[in-house]
Amino acid sequence: MTAHATEIRHLSAHEGETVTLTGWVETTRSHGKVAFAVVRDGTGIVQCVFLKKELPESVWEALGDLTQESAVRVSGTVKPDDRAPGGYELGVSRLDVLSLAEDYPIQPKEHGVDFLLDHRHLWLRSSLQRASLKVRHEVEQAIHDFFYENDFVRIDTPILTGSIGEHAGTLFATDYFGENAYMAQTGQLYVETACPAFRRVYCFGPTFRAEKSKTRRHLTEFWMVEPEVAFADSDDNMRLQEAFVCSIVERALERCQEELEVLERDTSKLEVIRAPFPRISYTEAVEILHGKGSDIQWGEDLGAPDEALITEDHALPVFIYNYPKQAKAFYMKENPQDPRTVLCNDLLAPEGYGEIIGGSQREDDLDRLRERIREENLPEEAYGWYLDLRRYGSFVHSGFGLGVERTVAWITGRHHIREMIPFPRLMNRLTP
RNA sequence: UCCCGGGUAGCUCAGCUGGUUAGAGCAUCUGACUGUUAAUCAGAGGGUCGUCGGUUCGAGUCCGACCCCGGGAGCCA
C-alpha cells in the first residue's frame, strides 16, 4: 500500500489507510516491546504506536534514541482509538528521523514565567500557547472581517512619527537621520485625517508606550485597532463598539471551541455577551463607588480597583462615559451639557479584565482644540496638519481604540497579556 | 518610581532557633517492562546556595549594600 502524505487534522478521512505524517515529537514512552510517541504537526497531535515485533530492528533503535522535539516523518495505519487524544492513533510501520533534537529545555511540567519567557521561541510550541495564539489569530481575522463587512477602509498609519500622540514622556525616541523620531503610540490622529477621504476608516497595527508598567495588563509594544467614523457622535460610537465586541466574541465561540477547551475557558461567560451593554456615566460611577466604600474624588480618573468594583456587578462589558476633562486627552470633545466633562467612553471587560477600549467624540472646533493644546502645554506647531482637519470642512466624528492582547486575554480567560502576543515586549524584556 | 514577595542541581522546589559530607521530584544516562497518557520500577552522574562585604570557632541560614525576577500601584489599550 502506498503511504499517502497528509496532516493530522485530516486523519479522520483516512481511517484504515496507511498515511505519512511529518512533525515534531512531543513525548515518548517506552515499555520494552511496545512504545508510544506523541507527534505534533502544527495541525494537531497524534499518538503513534510502535510494536517491536512488527518493526525492523533499525526503526526500533531509532525510536529508542528519539528525543523531545525531534523532527520526524512517520508512516502507519490510521485507526480510531478512544484512548488516544484526538480520537485516532497511528500504527507505525516506518520512521525517519529528519533531525534529532538536542536536550529540549521545556519539559511537560511546571516552569517559572521568567524561564518560559527566556525560551519564548520554544514555548510557542506548547499547547496553551498554541491555543492562545490561535484565538488571537481568529480575533484579528474577526476584526478585519467586521470592518470589511461594514464598509470601512483600512488605513495603515506610520510607526515612525515626527509629531507626537498624547504624552511625550511615554514615547520611544529613535534617531532619524540626525533628527528625533518617535514610535507611534496611536494611529488615531492619522486615521482621523483619512475620514474625509473614506468616511469610515480603521487602522490596525503595533503601538509603543515607554511606560514603566509592571502589571499583567501592560506591554510596551501592543496591537491596537482604531476605527474612526465621520458624522458619528459619541452615542453612535458606543453602539459601534458594542456590535464590534459582540462580533469578535461570537467568532471566537464559533471558530475556537477546541482552543477554548484546551484553555479551560468557561464559555458560558462568553455566550451571554450581547448588546446592549450597560452605560454608566462617570458621575454615576463615582456615586456607585462611594456606595462601595471608595474615597474617589470627582475629577480623578478611575483606578484599577475602582474599575473592578464597577464591573463586579455585571456579566456584560460596561461603558463608563463622559469623564472629567482633566482626566482625558486634549482631542476629546467638550460635553455641551456639562463642560467639566468630555464626550468619551471606556469599555471595561467583565471578570476583572479591565479596560479594553478607550474612545471619544473628537473636538471638531478649531479654536477649542487649539485652546486645549495650549492648556496641556503641547507644542502647537507639531499639530499643524491635525488642526488642518478642522480648517477644511470640519465635521462631527468619533472613534475608539481596542487593545488586542487585553481582548484576547479576556476571551481566553488567561491572566497575563504577555502570553497573548507571540513575542511580548516588556519593560525588562527585549529578547527573544 | 513606590509597596510587598522571591533568587539553593538543567527545571520546579524543601532546607526549622546558625552546627558534621547540601536534599527531593522531574529531566539526562544505564537497565527492566506489550497499552502508556506528566507511565512505572531499580541504579548513576549533576551544586560558585544571585553578587560583594560583615558578624561568628562555624553562614544556604544572621546583618548591610547592590543586582536580577515576580505580584501590585500609578499610567494606559
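Below, chain A is the first sequence line, B the second, and so on; all start at residue 1. In this text, all values refer to a predicted model and were calculated from it rather than measured experimentally.
- Annotation: F244(A) is not in aromatic contact with F152(A) [ring centroid separation under 6.0 Å not met].
- For rG71(B), the OP1/OP2 oxygens have a side-chain nitrogen or oxygen of R418(A) closer than 4.0 Å.
- Partner V78(A) forms a side-chain contact (heavy atoms from CB on, under 4.5 Å) with one of V46(A), L90(A), L21(A) and no other, that one being L90(A).
- Using a 4.0 Å cut-off between charged side-chain N and carboxylate O, E375(A) and R372(A) make a salt bridge.
- Using a 4.0 Å heavy-atom criterion, one finds that G112(A) contacts the sugar-phosphate atoms exclusively.
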Contact letters for nucleotides 24-30 of chain B, in which S counts primed atoms plus P, OP1 and OP2 and B counts the base, heavy atoms under 4.0 Å:
-BBSS--

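- For H218(A) against rC76(B), a side-chain-to-base donor-acceptor contact under 3.5 Å is present.
- Residue A35(A) is out of contact with every strand shown, counting any heavy-atom pair closer than 4.0 Å.
- For the P atoms, the distance linking rU34(B) with rC49(B) amounts to 45 Å, nearest Å.
- Among the protein residues, S30(A) comes within range of the nucleic acid bases, having at least one heavy atom under 4.0 Å from a base atom.
- Distances shorter than 4.0 Å separate some side-chain N or O of N428(A) from OP1 or OP2 on rC69(B).
- Residue H416(A) places at least one side-chain N or O closer than 4.0 Å to OP1 or OP2 of rG71(B).
- At a threshold of 4.0 angstrom between heavy atoms, the contacts of Q47(A) include nucleobase atoms, whether or not backbone atoms are also involved.
- Contact annotation: R216(A) side-chain N/O to rG72(B) OP1/OP2 distance is under 4.0 Å.
- rC62(B) sits 9 Å from rU17(B) when the P atoms are compared, rounded to a whole Å.
- Judged by distance alone with a 3.5 Å cut-off, no donor-acceptor contact links the side chain of E300(A) to the base of rG74(B).
- Across all strands shown, E211(A) has heavy atoms under 4.0 Å from base atoms, whether or not it also approaches the sugar-phosphate.
- Nucleic acid contact class of D346(A) (heavy atoms, under 4.0 Å, all strands): none.
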If you look only at distance, which donor and acceptor atoms sit under 3.5 Å apart when one is on a side chain in residues 296-303 of chain A and the other is two or more places apart or in another chain?
residue : atom : partner : partner atom : Å
Q297(A) : NE2  : D295(A) : O            : 3.2
W298(A) : NE1  : T283(A) : OG1          : 3.1
E300(A) : OE1  : Q297(A) : N            : 3.4

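- No contact: E54(A) has no heavy atom under 4.0 Å from any strand.
- Residue R29(A) has no polar side-chain atom (N or O) positioned under 4.0 Å from OP1 or OP2 of rU36(B).
- At the heavy-atom level, H31(A) lies under 4.0 Å from base atoms of the strands shown.
- The residue I357(A) sits close only to the backbone: its heavy atoms come under 4.0 Å of sugar-phosphate atoms, none of a base.
- The existence of a salt bridge linking D156(A) and R154(A) is confirmed by a sub-4.0 Å separation between a basic side-chain nitrogen and an acidic carboxylate oxygen.
- You can call F222(A) stacked on the base of rA77(B); the centres are under 5.5 Å apart and the planes sit within 30°.
- For Q129(A) (side chain) and W123(A) (main-chain N/O), no donor-acceptor pair under 3.5 Å exists by modelled atom type.
- Across rC76(B), rG35(B), rC11(B), the shortest atom-to-atom separation from the side chain of R406(A) is found for rC76(B).
- Considering only side-chain atoms of K212(A), the nucleotide from rG35(B), rU1(B), rA77(B) that sits closest is rU1(B).
- Using a 4.0 Å heavy-atom criterion, one finds that K214(A) contacts the bases of the nucleic acid, with or without backbone contacts as well.
- Considering only side-chain atoms of F36(A), the nucleotide from rU36(B), rC76(B), rU34(B) that sits closest is rU36(B).
- Between H121(A) and F423(A), the gap from one ring centroid to the other reaches at least 6.0 Å.
- Under the 4.0 Å criterion applied to side-chain N and carboxylate O atoms, E419(A) and R414(A) are assigned as salt-bridge partners.
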